[in-house]
Chemist: 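I have a structure here, written as C-alpha cells, and I will follow up with some questions on it.
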Amino acid sequence: MRWSEAFIPTLRDAPADAEAVSHVLLIRGGFIRQVAAGSYTILPLGQRVRLKVAGIIREEMNAIGGQEMMPPTLHPAEVWRKSGRYDLMGDNLFKLEDRKGAELVLGMTEEELFALTALELSSYRDLPQIWYQMHTKFRDEPRPKSGLLRVREFTMKDSYTLDIDRAGLDAGFEKHRGAYQRIFSRMGLDAVGVEASSGAMGGSESVEFMVRSDAGEDRIVTCANCDYRANVERATSAVAAVEDGEREDLGRFPTPGLRTIKALAEALPETAAPDRQIKTLVYLLDGEQVLVLLRGDHNLQEQKLLDATAAVEARAATVEEIRELLGADPGSLGAVEVDGLKIVADEALRGRFNLVTGANEDDWHRSGVDVERDITVSHWADLREVTSGEPCPMCGGTLDLWKGIEVGHIFKLGTKYSETFGVYVQDEKGDSHPIIMGSYGIGVERGMAAVVETSHDEKGIVWPVSVAPYEVVITVVRPDDPATIEAAEGLYAQLGESGIEALFDDREERPGVKFADAELIGIPYRVVVGPRGVADAMVEMTTRRGLATEEVPLGDVVGALSELVAAQRYGI
RNA sequence: CGGGCUGUGGCGCAGCUUGGUAGCGCGCUUGCUUUGGGAGCAAGAGGCCGUCGGUUCGAAUCCGACCAGCCCGACCA
C-alpha cells in the first residue's frame with residue numbers, strides 16, 4: 001500500500017476524552033474512531049490488525065477440531081426466555097421489536113442458539129463436537145470505557161463443546177485451555193489462566209485468561225511461590241487461627257459513640273481486637289434481606305456471596321432498611337438471637353467464641369459471643385476478599401494482587417442448556433443423556449487493545465509481527481529525488497514479490513513527520529531510503545521494538561527482512 | 001443507576017466571571033522557499049458555540065430542562 005493513497009488519519013494530539021494508553025494510541029494512530037459510547041468504527045489499519053487476530057484465533061480453533069459456523073445475531077426473544085436469561089441478563093441484553101411486534105434480542109453470546117442447533121444430534125456417535133463462530137456481539141454495558149477494552153458492540157469468538165460425558169467435557173476444556181494459550185502467545189500477549197467465578201453464564205469450573213495491565217478491570221491473586229492463580233472473586237488464602245481464650249457467657253455492655261470496628265478495637269484493645277469482632281452486614285439478595293457475617297478485619301467479596309447463595313443480584317441495604325429490620329444503625333448490628341432471617345457466615349468465623357458484636361441497639365455491644373452457640377447460621381461460605389501479602393492457600397507463599405485485562409474465559413457449562421432445550425442423545429445402551437456443554441470466549445478487539453496496552457513506548461505502538469497491520473514500512477526521504485524514488489520503488493516491488501506486507505511512505509512530507517508516523521502506528525520494521533545512502537546503494541533498517549538501526553546494502557535488505565518476518569509471522 | 005467533570009471548525013484549547021464583531025495552536029488548500037526527526041513566509045477555506053426553551057433591544061456568555069461524552073463505584077470478552 002502506498003501511504004499517499006491510504007486512509008491513515010494520524011493525530012498529533014489525542015482527543016481529550018481518551019485516557020487508556022490503548023485508546024489514545026489507537027485513535028492517534030488512525031486505527032479507530034469513536035461513534036458513540038462503546039461504539040467504534042474500525043478504520044483500515046485497525047481492520048488489518050483485527051483480521052490478523054481473528055486469523056490466529058481461527059487457525060488455533062481449527063487445529064483443535066473446531067468447526068466454524070454462523071448463527072444469527074438477531075434472536076427471537078422466546079429463546080432467551082426459555083433459558084431464563086431474558087430476565088437474568090437484565091438491561092445488558094439489547095431488546096427490540098420487529099414490524100409485527102414480535103420481540104427480538106441482539107445476541108450477547110450464543111449458548112441458546114448452539115443448543116438449538118445441537119437438537120440435530122441424536123447419538124453418542126455424533127459426539128464430541130466443537131462448534132464455534134466469530135462475529136458481532138451486543139451488550140448494553142452500563143459503562144463502556146477505555147476505548148476498545150469495554151464496548152457495546154464487539155467481535156467475539158465463542159465456541160462450544162458438546163460431549164456425552166464429563167470426561168469428554170474435561171478433554172474439550174483442556175483442548176481449549178491449550179488453544180487459548182497458543183492464541184495469546186502468538187498475539188504477543190502474556191496471558192495467564194486464573195481460577196474464576198462463572199457468574200451469570202452458569203456452570204461449574206471456569207478459567208479466565210488475564211493480561212497484567214493497570215488498564216484492566218479485574219483483580220488477580222497469584223502466589224509468588226507456586227502456581228496458584230485466581231480472580232479475587234474466587235481467591236482464598238490461608239488464615240492464621242486466632243486464640244479465643246476462655247469460653248465466657250454471653251454479655252452486654254454499653255459502647256457510647258463507638259460505631260466502627262476500629263473505634264471499638266481502640267477503646268478495648270484487650271477484648272475487642274478486630275479479629276475478635278464479628279462484622280454484621282445487611283444485604284438484599286434478589287430482594288431478600290440477609291445478614292452477612294465476617295471477621296471484623298475481613299472484607300466481603302460480593303461475587304463470592306452471590307456464588308454461595310446462587311443469587312443473581314446483591315446490594316447493601318440502606319440505613320433506613322437496616323433500622324427497620326434490626327432496630328439499630330450500622331455500627332451496632334449483630335446476629336445474636338436474630339430469628340427468621342437467613343444468616344450467611346464466613347468460614348473464618350467457624351468454631352470461634354468469646355467474640356464481640358453489635359447488640360442491635362445503638363451504642364450497645366455483646367461480648368462472649370460463641371458463633372455456633374449463639375447465632376443461627378443458615379449457611380457457611382467463603383465470603384472474604386483476599387488482600388495482598390496473605391499466605392497462599394496451597395503452599396503458604398506470599399500472595400500478590402494485581403490488575404488484569406480479561407482476554408478470554410473458558411467455562412464448563414454442564415447440562416443447563418441441553419436440559420432446558422431438550423438436547424439429549426442416546427448412549428451405546430440406548431439410554432438418553434443430556435449433552436454436556438462447555439463454552440469458551442475471546443474478545444477480538446479487546447485482544448487488540450490488550451496488545452497495545454502491553455506493547456508500546458513513548459513514541460507509539462509496538463506491534464508484534466504476527467498482528468501488525470503491515471510488516472515493513474519503507475520511509476522515503478526526499479521522494480522528489482529521482483535516484484531515491486527509483487531505488488525505493490524497486491524495493492517496494494521486490495518486497496511485494498517476496499510476499500512481505502509493506503507500507504510505502506511515498507508522501508511528500510518532511511522526514512520527521514514520516515518517522516514519527518511510522519513509530520506511532522507501530523510497524524515492526526522500517527527501511528529508510530534516502531539520497532544519503534542511495535549513492536552508495538545503502539539503506540537503513542530499524543526495528544520498531546527498541547529502535548535499533550543498522551546500515552544494510554540495498555541488495556540485501558529484502559533477504560534480511562524476509563528472514564526476520566518469516567521467523568515471527570506465525571507468532572511465538 | 002449513584003458520584004465527579006466536560007460539550008466552541010477535523011484535533012487540542014481560549015473566550016463565559018462583567019451579555020454586543022467567535023479567537024489561538026495544530027491540521028487542511030494554493031504559491032514560493034525548504035528537506036535525514038513533527039519547516040518558513042504569504043494568501044485562503046472551514047464553526048446552526050450539544051439541543052430545546054426562558055430572560056434581554058441583544059445570549060457562546062445569564063437561567064431552566066434535556067441530550068451526549070469522559071472519569072470513579074455496582075456488571076463482563
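Each chain gets a letter, A, B and so on, in the order its sequence line appears, and its residues count up from 1. All figures in this text were calculated on a predicted structure; none of them were measured in a lab.
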Chemist: Closest heavy-atom contact between A:Asp506 and A:Ser4?
Modeler: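 For A:Asp506 versus A:Ser4, the nearest heavy atoms are OD2-OG, 2.8 Å.
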Chemist: So what does A:Val151 hit on the nucleic acid, given a heavy-atom distance under 4.0 Å: a base, only sugar-phosphate, or nothing?
Modeler: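 Base contact.
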Chemist: Please list, chain by chain and in numerical order, all residues satisfying salt bridge (charged side-chain N to carboxylate O under 4.0 Å, His left out) with A:Arg186, sequence neighbours excluded.
Modeler: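 Salt bridge (charged side-chain N to carboxylate O under 4.0 Å, His left out) list for A:Arg186, sorted by chain: A:Glu59, A:Glu60.
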Chemist: Parallel under 30°, tilted from 30 to 60°, perpendicular over 60°: which one fits the rings of A:Phe504 and A:Tyr492?
Modeler: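 Plane angle under 30°, so parallel.
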Chemist: Name all residues meeting the side chain to side chain contact (heavy atoms under 4.5 Å, CB included) criterion together with A:Arg33; count only those two or more places apart in sequence or in a different chain, and write none if there are none.
Modeler: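 Only A:Pro9, A:Leu11, A:Ile27, A:Leu43 meet the side chain to side chain contact (heavy atoms under 4.5 Å, CB included) criterion with A:Arg33.
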Chemist: What nucleic acid atoms does A:Lys145 come within less than 4.0 Å of, heavy atoms only: base, sugar-phosphate, or nothing?
Modeler: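 Contact class for A:Lys145: sugar-phosphate only.
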Chemist: What's the gap between B:A42 and B:G7 when it is taken at their P atoms, as a whole Å value?
Modeler: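 Per the computed distance, 32 Å lies between those P atoms.
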Chemist: Starting the side chain at C-beta, find the nucleotide from B:C70, B:C71, B:A74 nearest to A:Ala37.
Modeler: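 Selected nucleotide: B:C70.
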Chemist: Say you pick atom C1' in B:U6 and the same atom in B:A60; how far apart are they, in whole Å?
Modeler: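 Those two atoms are separated by 15 Å.
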Chemist: By the 4.0 Å heavy-atom rule, please label A:Ala36 as base, sugar-phosphate, or nothing.
Modeler: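 If one applies the 4.0 Å heavy-atom cut-off, A:Ala36 turns out to touch the sugar-phosphate alone, with no base involved.
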Chemist: Which part of the nucleic acid does A:Arg150 contact within heavy-atom distance under 4.0 Å: base, sugar-phosphate only, or nothing?
Modeler: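 If one applies the 4.0 Å heavy-atom cut-off, A:Arg150 turns out to touch a base.
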Chemist: Under 4.0 Å between a side-chain N or O of A:Gln303 and OP1 or OP2 of B:A74?
Modeler: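 For B:A74, OP1/OP2 do not have a side-chain N/O of A:Gln303 under 4.0 Å.
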Chemist: Report all interatomic pairs (protein N or O, nucleotide N or O of nucleotides 47-51 of chain B) with separations under 3.5 Å.
Modeler:
none

Chemist: Step through it carefully: locate the ring centre of A:Trp463, locate the ring centre of A:Phe31, and say whether they are under 6.0 Å apart.
Modeler: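 Here the rings of A:Phe31 and A:Trp463 have centres that are less than 6.0 Å from each other.
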Chemist: If the condition is side-chain hydrogen bond (donor to acceptor under 3.5 Å, both in side chains), which residues does A:Arg384 pass it with, not counting sequence neighbours?
Modeler: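 side-chain hydrogen bond (donor to acceptor under 3.5 Å, both in side chains) list for A:Arg384, sorted by chain: A:Ser237, A:His298, A:Glu390.
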Chemist: Between A:Glu217 and A:Pro15, just flag the one whose closest nucleotide in RNA chain B comes earlier from the 5' side.
Modeler: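 It is A:Pro15, whose closest nucleotide lies nearer the 5' terminus.
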Chemist: Quick one: which of B:C75, B:C70, B:A77 gets closest to the side chain of A:Arg139?
Modeler: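 Shortest atom-to-atom distance from the side chain points to B:A77.
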Chemist: Could you tell me whether A:Ala14 contacts a base, only the sugar-phosphate backbone, or nothing, with contacts defined as non-hydrogen atoms closer than 4.0 Å?
Modeler: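 Answer is sugar-phosphate: A:Ala14 comes under 4.0 Å of backbone atoms only.
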Chemist: Mind checking the C1' distance from B:G44 to B:C70? Whole angstroms is fine.
Modeler: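 Each nucleotide's C1' atom is 35 Å from the other's.
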Chemist: Taking the same atom, C1', in B:C28 and in B:A45, what whole-Å distance lies between them?
Modeler: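 Nearest-Å result for B:C28 against B:A45 at atom C1': 8 Å.
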Chemist: Which parts of nucleotides 34-44 of chain B does protein reach within less than 4.0 Å, heavy atoms only, written one letter per nucleotide 5' to 3' as B for base, S for sugar-phosphate only and - for none?
Modeler: BBBBBB-----
Chemist: Rounding to an integer number of angstrom, what distance separates B:U56 and B:G64 when you compare their C1' atoms?
Modeler: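 16 Å, rounded to whole Å.
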Chemist: Considering only atom P, compute the distance from B:C24 to B:C67 and round it to an integer number of Å.
Modeler: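 It works out to 36 Å between them.
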Chemist: By the 4.0 Å heavy-atom rule, please label A:Glu208 as base, sugar-phosphate, or nothing.
Modeler: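 It contacts nothing in the nucleic acid.
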Chemist: B:C63 and B:G25: how far apart are their C1' atoms, nearest whole angstrom?
Modeler: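 B:C63 and B:G25 have their C1' atoms separated by 34 Å.
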Chemist: Determine, for A:Phe154 and A:Lys137, whether the Lys NZ or Arg CZ falls below 6.0 Å from the six-membered ring centre while staying within 45 degrees of the axis.
Modeler: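 That pair does not qualify as a cation-pi contact.
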Chemist: Anything under 30° is parallel, anything over 60° is perpendicular, the rest tilted; go ahead and classify A:His176 against A:Tyr440.
Modeler: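 Taking A:Tyr440 first and then A:His176, their aromatic rings lie parallel (interplane angle under 30°).
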Chemist: Could you measure between the two P atoms, the one in B:C41 and the one in B:C52, and give it in whole Å?
Modeler: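 The same atom, P, in both gives a distance of 41 Å.
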Chemist: For A:Ser146, which contact category applies under a 4.0 Å heavy-atom criterion: base, sugar-phosphate, or nothing?
Modeler: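 Counting heavy atoms under 4.0 Å across all strands, the contact made by A:Ser146 is with sugar-phosphate only.
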Chemist: Looking only at side-chain atoms of A:Arg143, point me to the closest of B:C11, B:G69, B:G73.
Modeler: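 Of B:C11, B:G69, B:G73, B:G73 is nearest to the side chain of A:Arg143.
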Chemist: Going by the rule salt bridge (charged side-chain N to carboxylate O under 4.0 Å, His left out), which residues pair with A:Asp457 if we only count those two or more places apart in sequence or in a different chain?
Modeler: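 Checked A:Asp457 against salt bridge (charged side-chain N to carboxylate O under 4.0 Å, His left out); matches are A:Arg544.
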Chemist: Distance check, rounded to the nearest 0.5 Å: A:Leu51 atom CG versus A:Thr155 atom OG1?
Modeler: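 Here the interatomic distance stands at 9.5 Å.
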